[in-house]
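Below is one structure, written out as structure tokens, with a few remarks after it.
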Protein chains: 2
Amino acid sequence: MTGQVRTVDGRVAGRRGQETRQKLLDCLREMLSTSPYRDVKVIDVARMAGTSPATFYQYFPDVEGAVLEIAEEMAEDSGGLKELVDGKSWAGKTGFTTSEELVDGFLAFWRKNDAILRVITLGAAEGDKRFFKIRMKVLNSVAAPLAEAVRNTQGKTDKTVDGSAIAGALVTLLAASAEHSKAFTSWGVKVKDLKPSLALQVYLGVTGKKPPK
Amino acid sequence: MTGQVRTVDGRVAGRRGQETRQKLLDCLREMLSTSPYRDVKVIDVARMAGTSPATFYQYFPDVEGAVLEIAEEMAEDSGGLKELVDGKSWAGKTGFTTSEELVDGFLAFWRKNDAILRVITLGAAEGDKRFFKIRMKVLNSVAAPLAEAVRNTQGKTDKTVDGSAIAGALVTLLAASAEHSKAFTSWGVKVKDLKPSLALQVYLGVTGKKPPK
DNA sequence: ACGGTAAGCTGACGGCATGACAGGACAAGT
DNA sequence: ACTTGTCCTGTCATGCCGTCAGCTTACCGT
């Protein structure tokens, strides 16, 4: 299914080769979280991995290519986010718990992968289709089931509600909040206070009502 | 007050120098909107401006330095966004119009400066204080008066409402929506439909009520 | 008009990253 | 030990970075 891992010049990579490749990816991941994207150089990644730049180019066309690889890995991982919404109830107090857990899980995921997601977000904003697609995959893992939840909860009583638009806005909000939580700090909102505030927004968006006391 | 414009080596720039400097900034701005940030090179900017790389380094320490300059200019410009909130009423139908105009004005501003804002957003997310500060200045031009509006509208009846948190979330949402409007398109939400949807969110957030029909 | 002075620009250069290649090291099977 | 295919690196041409010395240009006072 996945097809074998191949080098840039078409050879199939063996055990040792895959190890080196993986080590390069790990080092790149680390570099991304410590240096500005613009300053990440092939030579630094290679040095950190204890190998030479030439080796890097055997497995990846360039830094961007390797970044896409990491991104793809992460996108696979994002499938688990579905469980935060799928099959959950939005009624009454249980509903608010659902909302809190969603916010919590989403923020945790984003924070865990913040370095790579930062680059993906940039690439997507710049109009790069490959990055855009990956970003959509991550967001959709939550946005799709959430839109469904909105339709189930509000769609019956109010036909003018657009589930996709609401879910999209909520997911966009969550992603941006995770990426820029420091901004909230500077507004005097502690990270601890941020979560309930977002949970409230999500609950409001999905149900259209204020949460029960 | 502003202090004269100076070259990197301390000379004060005269008329001709300021022209060249400005031309370099203009070309950089253009480059940013056509190439990925990572690929913007000093030599390209210089070539486009019809000058030599050495000249570039006379006015800016590096690409980032010049970007900060453009960003600062833009941040000055963002002061006008205040008028979208200051002195506006949030009551009844007028309130919803206020919301619509705010969304419209904010999105227009963001779209007009999307290239530079993209870079600022990245820099802020990466933890660069200079970029962070500029981003806050732009966001605060709306967030600060908006928080005030929330307090005036809801704060009297409900002490648990945190105006800063709500205003912050709304502004974060608007910024991210502007930056990633393509994502909404892919969710089947047209740009035309996006605005009313955001206006609704803003109105809800500020007033805590559904808008009048 | 004419020199003096400071601004303005660039050619040239060492240094470093990129990206390609060919050849040597290495592991595994025979 | 020998072969085969994988794996790594030394080396090289190319191109960008960032600096400097030095030349040109504009402005100013006399």
Side-chain angles (χ1 to χ4, degrees), chain A residues 2-32 34-70 119 123, chain B residues 2-28 30-32 34-70 119 123 128:
Chain A
T2 56
Q4 293 154 307
V5 178
R6 287 182 175 275
T7 59
V8 166
D9 54 335
R11 265 204 323 281
V12 297
R15 199 208 80 239
R16 195 158 65 111
Q18 297 206 20
E19 269 173 29
T20 330
R21 202 184 115 101
Q22 193 56 48
K23 187 184 237 171
L24 284 167
L25 285 178
D26 292 343
C27 292
L28 173 54
R29 200 189 252 113
E30 162 116 29
M31 289 248 77
L32 285 177
T34 53
S35 323
Y37 181 45
R38 202 168 192 284
D39 298 341
V40 171
K41 307 286 178 200
V42 168
I43 198 168
D44 296 322
V45 177
R47 251 199 291 266
M48 183 184 285
T51 179
S52 83
T55 302
F56 181 96
Y57 285 107
Q58 205 148 55
Y59 295 105
F60 312 104
D62 49 25
V63 170
E64 208 182 76
V67 163
L68 277 166
E69 201 73 20
I70 296 177
V119 179
Chain B
T2 56
Q4 294 153 304
V5 177
R6 288 186 173 271
T7 59
V8 168
D9 53 335
R11 269 204 315 281
V12 298
R15 200 209 79 236
R16 193 156 70 111
Q18 297 206 21
E19 268 173 28
T20 322
R21 202 183 117 101
Q22 195 55 49
K23 188 183 239 177
L24 284 167
L25 285 178
D26 291 343
C27 291
L28 173 55
E30 161 116 30
M31 289 249 80
L32 284 177
T34 53
S35 324
Y37 182 44
R38 200 167 195 283
D39 298 341
V40 171
K41 309 285 180 199
V42 168
I43 198 171
D44 296 322
V45 177
R47 252 200 289 265
M48 184 183 286
T51 177
S52 84
T55 301
F56 182 97
Y57 286 105
Q58 209 153 52
Y59 296 105
F60 311 104
D62 50 24
V63 170
E64 211 181 71
V67 163
L68 278 165
E69 201 74 20
I70 296 178
V119 179
D128 186 302

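The analysis underlying the following values was restricted to heavy atoms, covering all of them including side chains, and did not include hydrogens, waters or symmetry mates.
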Provide, to the nearest angstrom, the distance between the [atom1] atom belonging to [X] and the [atom2] atom belonging to [N].
{"X": "A/E64", "N": "C/dG19", "atom1": "CD", "atom2": "C1'", "value": "16 Å"}
{"X": "B/D9", "N": "C/dT10", "atom1": "CG", "atom2": "C1'", "value": "14 Å"}
{"X": "B/K41", "N": "C/dT18", "atom1": "NZ", "atom2": "C1'", "value": "10 Å"}
{"X": "A/R6", "N": "D/dG5", "atom1": "CZ", "atom2": "P", "value": "15 Å"}
{"X": "B/L24", "N": "D/dG18", "atom1": "CG", "atom2": "P", "value": "15 Å"}
{"X": "B/Q22", "N": "C/dG8", "atom1": "CD", "atom2": "P", "value": "14 Å"}
{"X": "A/D39", "N": "D/dC16", "atom1": "CG", "atom2": "C1'", "value": "14 Å"}
{"X": "B/F60", "N": "D/dC17", "atom1": "CZ", "atom2": "C1'", "value": "17 Å"}

Legend entry - Validation row: A/L28, A/L24 side chains within 4.5 angstrom (heavy atoms): no
Inset, instruction - Could you encode protein contacts along nucleotides 24-30 of chain D as a string, one character per nucleotide from 5' to 3', using B for base contact, S for sugar-phosphate-only contact and - for no contact, with a heavy-atom cut-off of under 4.0 Å? - result: ---S---
Legend entry - For B/R6, side chain to side chain contact (heavy atoms under 4.5 Å, CB included) partners two or more places apart: B/Q4, B/V12
Legend entry - Positions of residues 43-59 of chain B (non-hydrogen atom under 4.0 Å from DNA chain C), listed by number: B/T51, B/S52, B/A54, B/T55, B/Q58, B/Y59
Inset, instruction - On DNA chain D, check which nucleotide each of B/V63 and A/Q18 is closest to and give me the residue with the more 5' one. - result: A/Q18
Set of residues satisfying side-chain hydrogen bond (donor to acceptor under 3.5 Å, both in side chains) with respect to [X], sequence neighbours excluded:
{"X": "B/E69", "result": "B/R21"}
{"X": "B/E64", "result": "B/R130"}
{"X": "A/T51", "result": "A/T55"}
{"X": "B/R11", "result": "B/D9"}

Inset, instruction - Any pair with a residue in residues 35-45 of chain B that passes salt bridge (charged side-chain N to carboxylate O under 4.0 Å, His left out), sequence neighbours left out, goes on the list, sorted by first then second residue, please. - result: B/D44-B/R47
Legend entry - Set of ring pair (Phe, Tyr, Trp, His ring centres under 6.0 Å) partners for A/Y37, sequence neighbours left out: none
Inset, instruction - Please give the angle, rounded to 10 degrees, between the axes at the start and the end of the helix from C/dA1-D/dT30 to C/dT30-D/dA1, where five pairs define each axis. - result: 10°
Inset, instruction - Kindly write out the residues that satisfy salt bridge (charged side-chain N to carboxylate O under 4.0 Å, His left out) with A/D26, not counting sequence neighbours, or none if the list is empty. - result: A/R29
Legend entry - salt bridge (charged side-chain N to carboxylate O under 4.0 Å, His left out) partners for B/E30, two or more places apart: none
Legend entry - N/O donor-acceptor pair under 3.5 Å between A/T34 side chain and A/M31 backbone: yes
Inset, instruction - Determine: side-chain N/O of B/T20 to OP1/OP2 of C/dC9, distance under 4.0 Å, yes or no. - result: yes
